[in-house]
Amino acid sequence: MKASKIAYKPIGMALGAASGVVAGGLFKQVWKVVGHDEDAPDATDEDRGWQEILLAATLQGAIFAAVKAAVDRGGATAVRRLTGTWPG
């Protein structure tokens, strides 16, 4: 394994945790608009229908994946600018 890849591991983990927090907040804001409710449904929420449960899960997954990809790509680009090598 390349040294740059090993050195990037802790940075990547920190960025991953930060992206989870950002994605969670973004999902809450999107759900307030889309779901017309303060809280997104849980999969076991008896009072919510299948359509609402699956829509919430799909939106949450898409938002988390997009934010993670953007943060990972931005972090790798920043490392390349600083060190001259791509960490991945």
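For the single chain, residues carry numbers from 1 onward in sequence order. Predicted, not measured: the structure shown is a model, and the values here were computed from it.
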Is it the case that the side chain of D42 and the backbone of T44 share a donor-acceptor pair, with hydrogens and angles ignored and the cut-off at 3.5 Å? no
Please tell me if the side chains of V79 and W86 come closer than 4.5 Å, counting only heavy atoms from C-beta onward. no
Identify the heavy atoms of I53 and P41 that sit nearest to each other, and give their distance. CD1-CB, 3.6 Å
Between V30 and L54, is there a shared hydrophobic cluster once you connect ILVMFWY residues whose side-chain heavy atoms come closer than 4.5 Å? no
Distance in Å, K28 NZ paired with Q60 CD, rounded so as to fall on 0.5 Å steps: 10.5 Å
Just wondering, do Q51 and L55 contact through their side chains at under 4.5 Å, heavy atoms? no
Tell me whether D37 is salt-bridged to R48, with the criterion being a basic N under 4.0 Å from an acidic carboxylate O. yes
Got a sec, which residues hit side chain to side chain contact (heavy atoms under 4.5 Å, CB included) with L15, two or more places apart in sequence or on another chain? Y8, I11, V71
Any F64 side-chain heavy atom under 4.5 Å of V22 side chain: no
Closest non-hydrogen atom pair between A23 and I63, with its separation: O-CG2, 3.8 Å
F27 side, atom CZ; K32 side, atom NZ - distance, nearest 0.5 Å: 12.0 Å
